[in-house]
Amino acid sequence: MILRSRLFGMVFAVVLAIAAIGAGDVEAGDWPQILGPNRDGQAADESIAAWQDEPAVRWRVKCGAGYSGVVVAHGRVFLWHREGDSECLDCLSAADGSRQWRAEFPAIYRGGVNADRGPRSVPLVSGDQVFVYGAAGDLHAVNVSDGSTQWSRELRSDYDAEDGYFGAGGSPLLSGQVLIVPVGGENHAGLVAVDRQTGKTRWTAVDQEAAYASPVTIEIEGQARVVAVLRLKTVMLDPVTGEVLSEVDFGKRGPTVNAATPLVDHEKIFLTAAYGVGCRMLDMSATPPQDLWRSRDVISSHYVTPVRIDDYLYAITGREDYGTGELMCVRWSDGKVAWNQPDLGTAHLIAAGERVLAQCVSGRLVLFAADPKKFRSLAEVELPAGIYRSLPALVDGTLYCRRTISATEGELLAIELK
C-alpha cells in the first residue's frame, strides 16, 4: 500500500510538471523554474552525501543587484539581475560559468522597503524560450539559443498596478500556451494571462493586489487548474479561460506579505504566511474549498516555501526581520509538530531523497536528515560572507547559490556537493 501510494504520488508529480511546462521542454534533473521542476523544492534523482571537507566552489561569477534565483536547463544557467540602468539576463555555461550571451532591458524600478532595486522573480525556461519578470513588472520572452528578444510587455504599467513593498516578485507560471502572471492591476487584473508566443493578453482575472507567492498547477477531477495566492485571497482558476472556480480568504490587511509558494498534493493544497496569518491545509476539490486543518501556531512562513518528504513537512516558521526564524518538522496530514530547531534561522530548503539542504540567509549551509523523530545535522559549512536571500538551485550535484554583497553587487557560486 505504501509503495503504491508513493508510486502514484510520483506519477502525479510528473503529470503536474508536464501541465506546467510542457512535455520535452527540459531534461531530467534540470531546474527550469522557481523551486525546481514541480515548484515544490524537490531535487529529483539527487543524492547529497555528508561532506567531510569544505565543498569546493567550481566557479564564481560576479553579478548585480536583485534577489532572483537562477534556473538551470540543458547545461545552461540563467541569471537575472540588474546592472546600472539595465535588467540583464545572462546565459552561463553550467560547466565553467562562462557567459554565452546577455539580454538587456531598461530597469526603472526605484526601490521600496528594501534598498535592493534588482529583480526578485525567478526565470522560467520552456522549449526555446526563457521568460523573465522584472522588478517594475515588465515581462520578456527571450530566445534560449541566442538571447534575442521575442516580445516584451510592460504589464504593471498596462494595468496600473502598484509597486507594493518590494516591486514585482511572484514568478510567472506556464500552463499550456499561456503564461500566468501575478500583476495586481486594476479593473480585474490581479492575474494576467498572456500568449507564450506573442505576449498578447488572453485573459485577466480577480480584483486583488499581487502577492509575492508564485502560482502553481493542481489537478481537479482530471482537469488542470491554477491556484494563485494574492494579497488577501487565494483563488483557483481555469487556466484556459481565466474563470475563477473558487476562492478562500488568506492574508491580512496592514504591512503584511504572502510570499511562500503553495504546496500541492493531489487535490490538497498547503498555504502559509507570517504576520499572524499562519497556515491552512485545504481540499480544493470541495465547493467551496474545505479546511482539513489550519493553525496560527504551527507554521507561519515569512517567505520560505516548506518541503515535504513522505508524511512530514520541513518548514521555516517566524520572521527574518525579527530574527525568529526556526526549523520545524510537522506532520502533513494533521499539522502535529514533531520537533523544532530554534537556532537555524531563516533558510531556503531543498529536498533531496531522504535529506534536506538548508541555505541559511546568513550564509550557513546545513544538510540534515529528513527524520520526523528528531533533528539530525549531517554536515555544515559557512559560505563566503554575504546575504543568501535568493533561492538556490540543485542540479547534478551542483548547488547554485547567489549571495548579495551590497545593494548593487552580488556573486553567483557553483558549489560541488557530489
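These numbers come from a predicted model, not from an experiment. The figures here come from the full heavy-atom set of this structure, side chains too, leaving out hydrogens, waters and symmetry mates.
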Report yes or no: does [X] contribute a side-chain atom to a donor-acceptor pair with the main-chain N or O of [Y] at less than 3.5 Å?
X	Y	result
E46	G397	yes
T317	S300	yes
W51	L378	no
Y165	N114	no
R196	Q129	no
Q290	P288	yes
R156	E162	yes
D30	H74	yes
R355	S47	no
R120	G118	yes

Got a second to check how far [X]'s [atom1] is from [Y]'s [atom2], nearest 0.5 Å?
X	Y	atom1	atom2	answer
D116	T404	CG	OG1	6.0 Å
D90	R76	CG	CZ	13.0 Å
D207	L230	CG	CG	10.5 Å
Y388	R364	OH	CZ	14.0 Å
E209	K233	CD	NZ	13.5 Å
L139	E154	CG	CD	11.0 Å

Student check: side-chain heavy atoms of [X] and [Y] closer than 4.5 Å:
X	Y	result
E267	V264	no
K62	E83	no
L191	W203	yes
S171	L124	no
T234	P262	no
P32	P37	yes
E247	Q208	no
F270	C279	yes

Name the orientation class of the two ring planes belonging to [X] and [Y] (parallel below 30°, tilted from 30 to 60°, perpendicular beyond 60°).
X	Y	result
W101	F78	tilted
F131	W151	tilted
H302	Y275	perpendicular
W59	Y400	tilted

For the residue pair [X] and [Y], what are the closest heavy atoms and their distance?
X	Y	result
E87	A135	OE2-N, 3.0 Å
V366	C360	CG2-SG, 4.4 Å
L245	D238	CD1-N, 3.9 Å

(message) Let's go through V240 and V178 carefully: what are the C-alpha distance in whole Å and the side-chain angles of both, what is the deciding distance for side-chain contact (heavy atoms from CB on, under 4.5 Å) to 0.1 Å, and is it a yes or a no?
(response) CA-CA 8 Å; V240 177; V178 297; over 6 Å; no
(request) Pick out which of D40, L263, T261 makes a side chain to side chain contact (heavy atoms under 4.5 Å, CB included) with P306. (result)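 When D40, L263, T261 are each tested with P306, the side chain to side chain contact (heavy atoms under 4.5 Å, CB included) holds only for L263.
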(request) For side chain to side chain donor-acceptor pair (under 3.5 Å), just list the numbers for T217 and R39, CA-CA rounded to whole Å, side-chain angles, deciding distance to a tenth of an Å, and then say yes or no. (result) CA-CA 9 Å; T217 303; R39 295 195 168 208; over 6 Å; no
(request) Applying ring-ring contact (aromatic ring centres under 6.0 Å, His included), name anything that partners Y312, two or more places apart in sequence or on another chain. (result)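 None.
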(request) Before giving the answer on side-chain contact (heavy atoms from CB on, under 4.5 Å), spell out for L412 and V77 the whole-Å C-alpha distance, their side-chain angles and the decisive distance to 0.1 Å. (result) CA-CA 10 Å; L412 178 64; V77 180; 4.1 Å; yes
(message) Tell me whether E54 at atom CD has more than 12 heavy atoms from other residues, nucleotides or ligands lying less than 6.0 Å away.
(response)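 No, CD of E54 has 12 or fewer neighbouring heavy atoms, counting only those of other groups under 6.0 Å.
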(message) With a sphere of 6.0 Å drawn around CG of D85, does it hold more than 12 non-hydrogen atoms of other residues, nucleotides or ligands?
(response)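 Not buried by this count: 12 neighbours or fewer within 6.0 Å.
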Looking only at side-chain N and O atoms, does [Y] offer a donor or acceptor that is under 3.5 Å from a partner on [X]?
X	Y	answer
E320	Y303	yes
T256	R231	yes
Q100	S98	yes
S285	D283	yes

(message) Before you tell me yes or no, could you show the steps for D291 and L282 under side-chain contact (heavy atoms from CB on, under 4.5 Å), namely the whole-Å CA-CA distance, both residues' side-chain angles and the distance that decides it to 0.1 Å?
(response) CA-CA 5 Å; D291 281 307; L282 290 154; 3.3 Å; yes
(message) Walk me through whether R402 and H81 qualify under side-chain contact (heavy atoms from CB on, under 4.5 Å).
(response) CA-CA 11 Å; R402 181 176 174 180; H81 61 119; 3.2 Å; yes
(request) Check the pair D195 / R202 against salt bridge (Lys or Arg N to Asp or Glu O under 4.0 Å), numbers first and verdict last. (result) CA-CA 6 Å; D195 186 283; R202 289 278 197 93; 2.8 Å; yes
